Structure formats: structure tokens, C-alpha cells
Amino acid sequence: GRPVEILLRKYRSGRVGILLILKAMNCANCERDEQDVRLEKCPICFKRVCEDCSVRQYGRSFCSRRCADQFFFGDDDE
């Protein structure tokens with residue numbers, strides 16, 4: 001999902017209002033905004049990365065070489 005900022009506001013009447021603000025997503029590596037570049041989600045750690053920063057292997061986009069290797073080789077603790 002998208003990062004969300006939650007603001008609570010207490011009114012004089014005693015009621016509480018909740019305001020949810022959806023924040024723009026940025027590349028986990030270079031911080032470019034999703035409005036400027038296309039972001040892809042890493043299938044291992046779910047970080048969002050732009051096409052320039054992504055590591056393309058095995059027909060997929062990863063945020064790093066480490067995640068790409070983990071996808072192919074699996075966890076070390078098996």
C-alpha cells in the first residue's frame with residue numbers, strides 16, 4: 001500500500017475527526033517521486049524502485065542484487 005499520514009482533530013463538540021493523507025511513493029534508492037518515474041515493487045522485500053535503480057534478473061525487477069540472489073538461491077537458513 002501507499003504511505004499514509006494520519007491526523008486526528010478534536011472539535012469543540014468533543015467529536016474526533018480523522019484525516020488520512022496519502023503520500024506519494026518514492027524510489028527506495030534514489031528518492032525520485034512516482035509522478036516523475038515508474039516505480040516497480042521488489043518481489044522479495046516489497047520496496048518500490050524506479051526502472052533506473054532496479055536490478056533486472058530472471059524476468060523481474062528487484063531493488064538490489066541481494067534480493068535478486070535471494071529470489072534465485074532462496075534463504076540461507078534452510
Side-chain angles (χ1 to χ4, degrees):
R2 236 179 231 280
V4 175
E5 182 177 342
I6 300 173
L7 300 176
L8 297 176
R9 180 174 179 190
K10 189 169 186 176
Y11 295 95
R12 286 186 215 166
S13 65
R15 292 185 2 194
V16 175
I18 299 173
L19 178 64
L20 299 176
I21 301 172
L22 295 177
K23 293 184 174 183
M25 288 188 276
N26 297 334
C27 174
N29 294 334
C30 70
E31 297 293 320
R32 286 193 285 177
D33 190 291
E34 70 177 334
Q35 295 176 354
D36 299 328
V37 294
R38 181 172 180 260
L39 298 179
E40 300 177 359
K41 190 188 316 183
C42 176
I44 299 298
C45 68
F46 308 112
K47 289 180 184 174
R48 304 247 180 208
V49 290
C50 70
E51 293 173 321
D52 293 337
C53 293
S54 69
V55 175
R56 296 275 311 161
Q57 280 190 304
Y58 318 113
R60 298 175 185 256
S61 294
F62 300 91
C63 69
S64 64
R65 169 93 40 222
R66 182 177 183 210
C67 280
D69 289 345
Q70 188 174 356
F71 178 82
F72 186 75
F73 298 112
D75 283 338
D76 292 338
D77 50 336
E78 289 182 13

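Because the structure is predicted, anything quoted here is derived from the model rather than measured. Below, all heavy atoms of this structure are taken into account, side chains as well, without hydrogens, waters or symmetry copies.
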| query | Would one find more than 12 heavy atoms of other residues, nucleotides or ligands at under 6.0 Å from atom CG of Leu7? | reply | yes

| remark: For Ile18 and Leu8 the tightest heavy-atom approach is CG1-CD2, 3.5 Å

| query | So if you build clusters from Ile, Leu, Val, Met, Phe, Trp, Tyr with side-chain heavy-atom gaps below 4.5 Å, do Val37 and Met25 land together? | reply | yes

| request: List for me each residue that meets ring-ring contact (aromatic ring centres under 6.0 Å, His included) alongside Phe46, sequence neighbours excluded, and say none if there are none. | output: none

| task | Indicate yes or no for a side-chain donor-acceptor contact from Asn29 to the backbone of Cys63 under 3.5 Å, with no hydrogens or angles considered. | result | yes

| remark: Of all heavy-atom pairs linking Val55 and Arg65, the shortest is CG2-N, 3.8 Å

| said: Just to verify, which of Ser54, Cys42, Cys67 counts as forming a side-chain contact (heavy atoms from CB on, under 4.5 Å) with Ser61? | reply: Ser54

| message | For a quick test of reading the model, state the closest non-hydrogen atom pair linking Arg32 to Asp52 and the distance between them. | response | NH2-OD2, 2.8 Å

| Does CD in Glu31 sit with more than 12 non-hydrogen atoms of other residues, nucleotides or ligands closer than 6.0 Å? | yes

| query | Is the Phe62 ring parallel, tilted or perpendicular to the Phe71 ring (thresholds 30°, 60°)? | reply | tilted

| remark: Contacts of Ser64 meeting side chain to side chain donor-acceptor pair (under 3.5 Å) (sequence neighbours excluded), chain-then-number -> none

| Within 6.0 angstrom of Tyr58 OH, more than 12 heavy atoms from elsewhere | yes

| Listed by chain and number, what are the ring-ring contact (aromatic ring centres under 6.0 Å, His included) partners of Tyr11, not counting sequence neighbours? | none

| query | Considering all heavy atoms of both residues, which atom of Cys50 and which atom of Cys27 are nearest to each other, and what is their separation? | reply | N-SG, 3.4 Å

| remark: Nearest heavy-atom contact between Gln70 and Ile44 is OE1-CG2, 3.6 Å

| message | Quick check for you: to the nearest 0.5 Å, what is the distance between Lys47 atom NZ and Lys41 atom NZ? | response | 14.5 Å

